[in-house]
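Okay, so here's the structure we're looking at.
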Amino acid sequence: MTKEQTDSVVMTVPEAGAKLGLGRNASYEAAARGEIPTIRFGKLLKVPKAAFERMLNGTAA
């Protein structure tokens with residue numbers, strides 16, 4: 001893993017889901033339901049780390 005990857009402000013949907021104990025498919029399903037915050041770049045779906053942390057802490061965006 002490069003330094004650029006470790007310093008990223010976003011993570012993949014499966015990475016975010018793994019932090020919640022979810023598998024790959026369950027992670028994408030939760031993202032589709034809006035339970036995991038995501039941003040879309042064309043077909044690429046990413047999870048902003050700041051929004052994910054706010055979600056976990058129960059604070060509004």
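- Across all their heavy atoms, Pro48 and Pro37 have their closest contact at CD-O, 3.7 Å.
- Nearest heavy atoms, Ile36 versus Ala16: CG2-CB, 4.2 Å.
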Verdict with reasoning, Leu45 to Arg40, per side-chain contact (heavy atoms from CB on, under 4.5 Å): CA-CA 5 Å; Leu45 195 61; Arg40 184 173 293 278; 3.8 Å; yes
List the steps, then state whether side-chain contact (heavy atoms from CB on, under 4.5 Å) holds for Lys46 with Met11. CA-CA 6 Å; Lys46 293 291 184 173; Met11 61 184 136; over 6 Å; no
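- Looking at every heavy atom in both residues, Ala18 comes nearest to Ser27 through N-OG, 4.3 Å.
- At least one donor-acceptor pair closer than 3.5 Å links the side chain of Glu15 to the backbone N or O of Thr12.
- The CZ atom of Arg54 lies 14.5 Å from the NZ atom of Lys49; values are rounded to the nearest 0.5 Å.
- Atom CZ of Phe52 sits about 12.0 Å away from atom OG1 of Thr38, to the nearest 0.5 Å.
- Hydrophobic clustering, with ILVMFWY side chains joined whenever heavy atoms are under 4.5 angstrom apart, keeps Val10 apart from Tyr28.
- Of the inter-residue distances, the one linking Glu53 atom CD with Leu56 atom CG reads 5.5 Å to the nearest 0.5 angstrom.
- Neither Phe41 nor Val13 shares a network with the other; the hydrophobic side chains, linked directly or stepwise wherever heavy atoms of I, L, V, M, F, W or Y lie under 4.5 Å apart, form separate groups for each.
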Full working for side-chain contact (heavy atoms from CB on, under 4.5 Å) between Val47 and Ile39: CA-CA 6 Å; Val47 179; Ile39 53 176; over 6 Å; no
